[in-house]
Every structure is written in C-alpha cells, then in structure tokens.
Amino acid sequence: ITAFSAAARTQMAQAGWRKRGGADIFTLDLGEGYLAWLGLNRASQYHLLKVNPVAGLRYEPLERLGCVRLRRWPRPLVT
C-alpha cells in the first residue's frame, strides 16, 4: 500500500495535481473558481490492494453561496 501511495503521488504530481491532506487526496486548479479533486480510497481487508477512486468538482462561488445560505464559514480546502 505504501508503494502504491508513493507511485500515485509521483504520477499525479507529474500530471499537475497537488496532494492534499494525509490520505491520497489530490486537487487540480482548473481556473475561474473550479477545482477538480480525486481521492484514491484503498481497501485491503479482503484483497491485496483494491483502489476505489472518488472524483469531484468544487466551484468556489457556489461553495461560498451555500455557506452564506447555511450561515457557516466557508470550509478551506483539505490541507
């Protein structure tokens, strides 16, 4: 699992993605308030290594609007 994480970090960095947080979470700034993110969830209980990728798109103006409506402070990116 450690070797997978190291290889993923290297490959994602070469493609322009930035690692965030302690887990395998990566972000890519798409400009104009858009941020793509990719989480590489791993499972090894029943398999040697199984990867479940989870992807999303964050649009900062929409995030701020939601926070205003919910009366919450905007959440920073995962650091």
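Ser5 OG to Met12 CE: the interatomic distance, rounded to the nearest 0.5 Å, is 12.0 Å. To the nearest 0.5 Å, atoms CG (Leu35) and CG (Asp29) are separated by 6.0 Å. Here the CD atom belonging to Glu63 is positioned 4.0 Å from the CZ atom belonging to Arg58, to the nearest 0.5 angstrom.
For the ring-ring contact (aromatic ring centres under 6.0 Å, His included) test, no residue two or more places apart in sequence or in another chain qualifies with Phe4. Taking the salt bridge (charged side-chain N to carboxylate O under 4.0 Å, His left out) definition, one finds that Arg42 meets it with Asp24, sequence neighbours left out.
Through direct or relayed side-chain contacts under 4.5 Å between Ile, Leu, Val, Met, Phe, Trp and Tyr, Val54 connects to Trp37.
Applying the salt bridge (Lys or Arg N to Asp or Glu O under 4.0 Å) test to every pair with at least one member in residues 9-18, sequence neighbours left out, gives no pairs at all. Legend: ring-ring contact (aromatic ring centres under 6.0 Å, His included) pairs involving residues 51-71, not counting sequence neighbours, sorted by first then second residue: Tyr34-Tyr59. Applying the ring-ring contact (aromatic ring centres under 6.0 Å, His included) test to pairs two or more places apart or on separate chains, none has a residue in residues 12-31.
Counted within 6.0 Å of CD on Gln14, heavy atoms from surrounding residues, nucleotides or ligands total more than 12; the atom is thus considered enclosed.
Grouping the Ile, Leu, Val, Met, Phe, Trp and Tyr side chains by contacts below 4.5 angstrom, directly or via other members, places Leu57 with Leu62.
In this structure, the side chains of Asn41 and Pro53 stay at 4.5 Å or more apart for every pair of heavy atoms.
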Please evaluate residues Ile25 and Leu40 with respect to the criterion side chain to side chain contact (heavy atoms under 4.5 Å, CB included), reporting the C-alpha separation (whole Å), side-chain torsions for both, the decisive distance (0.1 Å), and the verdict. CA-CA 6 Å; Ile25 299 172; Leu40 300 176; over 6 Å; no
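In this structure a side-chain-to-backbone donor-acceptor pair under 3.5 Å is missing from Lys50 to Asn52.
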